[in-house]
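Naming: A, B, ... by sequence-line order, numbering from 1 per chain.
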Number of protein chains: 2
Amino acid sequence: MINDIEVIKTKSSKINEVDFDNLKFGSVFSDHMLVCDYKNGKWQAPKVMPYQGITLDPSAKIFHYGQSVFEGMKAYKDAEDNVWLFRPLDNCKRLNISSKRLAIPELPEDYFMEGLKALLEVDKDWIPKKDGSSLYIRPFVFASGEGFHASPADEYKFLICTAPSGSYFSGEVKVLIEEKYSRSANGGVGFAKAGGNYAGQFYPTQLAKEKGYQQVIWTDDNTHEYIEEAGAMNIFVRINDTLITGPTSDRILDGITRKSIIELAKAEGINVDVRKLRVDEVVEAAKNGSLKEMFGAGTAAVISPIAGFGYKGEDYDLPKMDDTYANFLKKRITDIQTNKAEDPFGWRYKL
Amino acid sequence: MINDIEVIKTKSSKINEVDFDNLKFGSVFSDHMLVCDYKNGKWQAPKVMPYQGITLDPSAKIFHYGQSVFEGMKAYKDAEDNVWLFRPLDNCKRLNISSKRLAIPELPEDYFMEGLKALLEVDKDWIPKKDGSSLYIRPFVFASGEGFHASPADEYKFLICTAPSGSYFSGEVKVLIEEKYSRSANGGVGFAKAGGNYAGQFYPTQLAKEKGYQQVIWTDDNTHEYIEEAGAMNIFVRINDTLITGPTSDRILDGITRKSIIELAKAEGINVDVRKLRVDEVVEAAKNGSLKEMFGAGTAAVISPIAGFGYKGEDYDLPKMDDTYANFLKKRITDIQTNKAEDPFGWRYKL
Ligand SMILES: Cc1ncc(COP(=O)(O)O)c(C=O)c1O
Ligand SMILES: Cc1ncc(COP(=O)(O)O)c(C=O)c1O
C-alpha cells in the first residue's frame with residue numbers, strides 16, 4: 001500500500017498562459033505529471049513532478065516494438081469546486097487488462113489510484129469548470145527497457161499527464177463503413193488500449209477523409225459484414241426504438257461509456273439489444289426509414305451523433321430529429337459525471 | 001539530392017569497452033547514429049551525431065498511438081575490409097511501404113541511402129569481421145509530434161542506429177502452432193514492419209515459452225488453419241524435396257530473406273512452391289515421414305531451423321538430417337552476403 005507520494009512542485013506554473021474559455025482537446029498540458037518506473041522486477045514508488053521531457057535511449061523498446069498501453073478519463077469540477085471522476089477503477093482495471101495482453105507488468109491498483117489523486121490534488125486549479133470542458137486524464141505505460149531484440153522490455157514507465165480540454169468533435173460527423181481495412185484480428189489486441197491499434201487506423205481514416213467522411217466504422221476483418229466500432233469509440237445504432245450495440249469481443253474495446261449507456265438506457269426504459277449487427281441490416285433500415293440514429297460513445301466525445309454514412313459508394317443520411325436518444329443519454333450521463341444529477345449507479349467518484 | 005551530410009563525431013569512443021569475440025544480438029550500440037527530423041511538412045537534413053538519448057514531450061504520439069515503423073539489416077566486413085550490405089534499397093522501399101500504412105510521411109530514398117553510408121563510414125570500425133557476426137542496422141521512424149488526439153502526428157524522427165552483433169538464436173528451436181492468438185488482420189498492418197505488430201506477439205510467445213516452445217507459428221486469424229509466419233520470420237516447410245512457403249499478403253511481411261531464398265533455391269534446382277499451406281498438411285506430412293524440414297527466414301537469424309512443433313497438444317519432431325536445405329541455403333546466402341562467393345543476383349552492395 002502506497003502512503004505518501006513524493007511531490008516535487010514546479011517553480012513556474014504555466015496556468016496563467018492558458019485561455020480556459022477556448023480550450024482545444026488534449027493540446028495544453030497541466031503543470032505536473034505522475035511518474036512511476038518499473039525496474040529490477042518491480043514498480044518503484046510513484047512521484048508527482050513538474051511536467052517535463054522524457055529522455056530515452058534510442059534502443060528503448062517503445063521506439064521499435066510498440067509495447068505501450070494507455071487510458072483516457074476525465075475529471076470534472078462542480079459548482080462547489082468538488083472534483084469528480086467517473087468509474088476510475090474501471091480504467092485502472094482495463095489498463096491492466098491491456099498491459100497483460102502486451103506483456104507489460106501489471107500495476108498495483110493503489111499506485112494508479114493514489115498516484116492519480118496526488119496528481120489531481122496538486123493540479124486542481126487546472127480542472128476547468130465551464131460546461132462541456134473537463135480535465136482530460138491520460139494514464140499510459142510504455143517500454144523504456146533497451147535492446148534490438150523483439151521481446152518484452154525489462155523496464156517500463158507509467159505516467160499520468162492531464163490536459164484541460166474542451167469538447168472533442170465539432171461539426172457534423174459523416175462516417176464511412178469500411179469494406180477493406182480493419183483495426184483488429186481475432187486473437188489479436190483489439191480489446192486492449194494498445195498504442196499500435198490507433199496508428200493502424202490513421203491511414204484508412206485519412207482515405208475516408210479524402211472522400212468527405214470524418215470517421216471510419218470498423219467492420220470485422222474476415223467478412224466486413226458486421227459493424228464493430230466507430231473510429232476510437234464504441235457504436236450504437238437505433239432502429240425504430242431499439243438501441244443496438246455489438247457485444248464486446250477480443251476485437252472490440254470494452255468501453256466504459258458504452259457499458260454505462262447500456263445500463264442508463266435500460267434504467268430509462270429504452271429497449272437495448274446487445275448483439276452482432278450486420279451492415280446489411282443498417283443499410284436496409286436506412287432505406288425503409290426505421291434507422292433513427294447512430295452514435296459513437298467514448299470518454300473523449302462522450303456521445304458523438306452520426307449524421308450519415310457511406311457504404312459501397314452510396315450515401316445514406318440519418319433523419320434530423322429533435323428528440324434523440326443521443327442527446328437524452330448524453331445529458332443524463334454528463335449530469336451524473338458533473339454532479340448535476342443523482343447517481344443511482346454509484347459511478348461518480350469524489351476526489 | 002543530399003550531398004554533404006553533417007557529421008558530429010563523438011569525443012569519447014566506447015569501442016574499446018566492447019568484446020567483439022562475445023557479442024550478443026542488438027545490445028551494444030556503436031558510437032554514432034543518424035538522425036533526421038520531419039517538421040513543417042518536410043524531412044530536414046539528416047545528420048550523423050554521437051549516439052545519445054532522445055528527449056520527448058510526454059505527449060509525443062509515439063507513447064500513445066504506436067505510430068512507428070522500423071527496418072532490420074546487416075553490414076558485413078570481408079577479409080579485405082570491404083564493407084557489404086545486402087539489398088539495402090529493398091529495406092528503404094519497405095520502410096516507406098510500412099510508413100504509408102501507418103500514415104507516416106515517406107522518406108526520400110537518398111536520405112536513407114546517403115545517411116546510412118555516412119553513418120557506416122564514421123562507424124566502420126564497429127563492423128565485426130568474425131564469422132557469423134555482423135553490424136546489425138536498425139533504421140526506424142516514430143511520431144515525435146505532440147497531443148492527446150488519436151490522429152497522425154505532425155512531427156517525426158527517422159534514426160539509424162547500429163549494433164555489432166553475434167548470431168540471433170542459439171540452441172534448438174521448438175515451435176508452437178498457434179490456435180488462438182494472431183498477429184495480424186485482413187486489411188490490417190501485418191505486412192508493415194509496424195512496432196505494434198511485435199508487442200502483440202510477446203504475450204502469446206510467453207505462453208508458448210511456458211509450455212516449452214521458443215517461438216510461435218502464426219496462423220490466419222479467421223480459421224487458424226493456414227501457416228503464415230514463424231515468430232518475426234517468414235517460414236519455409238520442406239515436404240519431400242519441395243520447399244513450400246506462403247504467398248505474401250496484407251497479413252504477412254514481404255521478407256527480403258524469404259524472397260532471396262526463393263530465388264536462390266530455384267537457381268539451385270530446388271523445387272519451390274509458393275502457396276497457402278494448411279496446418280493439416282504439415283501435421284499429416286510429419287506423421288507419414290514426408291516432412292523433412294521447417295525453418296524461419298529473416299535478416300537477424302538468416303535461417304533458423306526448427307527441431308519440432310506442437311499442435312493441439314501433440315508434439316512432432318522433425319528428422320535430424322545431415323544434408324538440409326536450411327544449412328545449404330544459409331551457407332549460400334551468407335557466402336553471398338559476406339563476399340565469399342559470386343553474387344549472380346546483384347544483391348550485394350558495396351559501401
Ligand atoms: C477503440 C476504442 N473504442 C471505444 C472506446 C471508448 O471507451 P471508453 O468509453 O472507456 O472511453 C475507446 C476509448 O475511448 C477506444 O479507444
Ligand atoms: C514479421 C516478420 N516477418 C518476416 C521477417 C523477415 O524479413 P527480412 O528477411 O526482410 O528480415 C521479419 C523481419 O525480420 C519480420 O519482422
Side-chain angles (χ1 to χ4, degrees), chain A residues 25-27 29 33 51-59 62-68 70 72 100-103 136 138 140 142-143 146-152 159 161 163 178 180-189 194-203 205-206 221-222 224 231-232, chain B residues 25-27 29 33 51-59 62-68 70 72 100-103 136 138 140 142-143 146-152 159 161 163 178 180-189 194-203 205-206 221-222 224 231-232:
Chain A
F25 194 93
S27 39
F29 309 103
M33 63 189 193
Y51 186 87
Q52 62 191 274
I54 304 167
T55 302
L56 296 170
D57 195 82
S59 74
I62 180 62
F63 296 130
H64 306 274
Y65 307 120
Q67 217 188 349
S68 71
F70 69 101
K100 187 171 176 193
R101 181 62 181 84
L102 275 293
Y136 182 72
R138 171 56 59 86
F140 60 110
F142 66 87
E146 301 164 13
F148 297 152
H149 206 288
S151 57
L159 278 89
C161 298
E178 188 58 63
K180 180 177 172 190
Y181 294 103
S182 324
R183 72 174 287 280
S184 60
N186 297 301
V189 302
N197 289 336
Y198 297 82
Q201 299 187 196
F202 295 167
Y203 177 67
T205 305
Q206 273 182 349
D221 82 304
N222 182 31
H224 295 292
Chain B
F25 195 93
S27 40
F29 310 104
M33 63 190 193
Y51 186 88
Q52 61 191 274
I54 304 167
T55 302
L56 296 169
D57 196 81
S59 73
I62 179 63
F63 296 131
H64 306 275
Y65 306 120
Q67 218 188 348
S68 71
F70 69 101
K100 187 172 178 194
R101 182 61 181 84
L102 275 292
Y136 182 73
R138 171 56 59 86
F140 59 109
F142 65 88
E146 300 165 12
F148 297 153
H149 207 288
S151 58
L159 278 89
C161 298
E178 188 59 63
K180 179 175 173 193
Y181 295 103
S182 325
R183 72 174 286 278
S184 60
N186 298 300
V189 302
N197 289 337
Y198 298 82
Q201 299 187 196
F202 294 169
Y203 178 67
T205 305
Q206 272 182 350
D221 83 303
N222 182 32
H224 295 291

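- Among A/Gly196, A/Gly187, A/Gly66, A/Gly26, the residue making the largest number of heavy-atom pairs under 4.5 Å with chain B is A/Gly187.
- The line from CZ of A/Arg138 to CZ of A/Phe70 is 5.0 Å long, rounded to the nearest 0.5 Å.
- Chain B forms the most heavy-atom pairs under 4.5 Å with one residue out of A/Gly147, A/Ser27, A/Gly188, A/Ala150, and that residue is A/Ala150.
- The residue among A/Phe140, A/Phe142, A/Tyr198 with the most heavy atom pairs within less than 4.5 Å of chain B is A/Phe140.
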Can A/Phe202 and B/Arg101 be said to form a side-chain contact (heavy atoms from CB on, under 4.5 Å), step by step? CA-CA 8 Å; A/Phe202 295 167; B/Arg101 182 61 181 84; over 6 Å; no
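- Per-residue counts of heavy-atom pairs under 4.5 Å with chain A were compared for B/Arg183, B/Gln52, B/His64; the largest is that of B/His64.
- Using a 4.5 Å cut-off between heavy atoms, B/Leu56 contacts chain A through both its backbone and its side chain.
- A donor-acceptor contact shorter than 3.5 Å links the side chain of A/Tyr65 to the backbone of A/His149.
- Taking chain A as the reference chain and counting heavy-atom pairs below 4.5 Å, the highest number among B/Thr205, B/Asn186, B/Leu159 is found for B/Asn186.
- Chain A forms more heavy-atom pairs under 4.5 Å with one residue of B/Lys100, B/Gln201, B/Met33 than with any other, namely B/Lys100.
- Contacts between B/Phe25 and chain A at a heavy-atom distance below 4.5 Å involve backbone atoms as well as side-chain atoms.
- The residue among A/Gly72, A/Pro152, A/Ala163, A/Ala103 with the most heavy atom pairs within less than 4.5 Å of chain B is A/Pro152.
- A 4.5 Å side-chain heavy-atom check between B/Asn222 and A/Asp221 finds every atom pair outside the cut-off.
- Chain B forms the most heavy-atom pairs under 4.5 Å with one residue out of A/Val189, A/Thr55, A/Ile54, and that residue is A/Ile54.
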Evaluate the side-chain contact (heavy atoms from CB on, under 4.5 Å) criterion for residues A/Ile62 and B/Phe63: first the C-alpha distance (whole Å), next the side-chain angles of each, then the deciding distance (0.1 Å), finally the verdict. CA-CA 7 Å; A/Ile62 180 62; B/Phe63 296 131; 4.1 Å; yes
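- Of the listed residues (A/Ser184, A/Gly200, A/Ala143, A/Ala232), the one with the most heavy-atom contacts under 4.5 Å to chain B is A/Gly200.
- Applying the side-chain contact (heavy atoms from CB on, under 4.5 Å) rule to A/Ser59 yields the partners A/Asp57, A/Glu146, A/Phe148, B/Phe29, B/Tyr51; only residues at least two apart in sequence or on another chain are considered.
- For A/Glu178, there are no side chain to side chain donor-acceptor pair (under 3.5 Å) partners two or more places apart in sequence or in a different chain.
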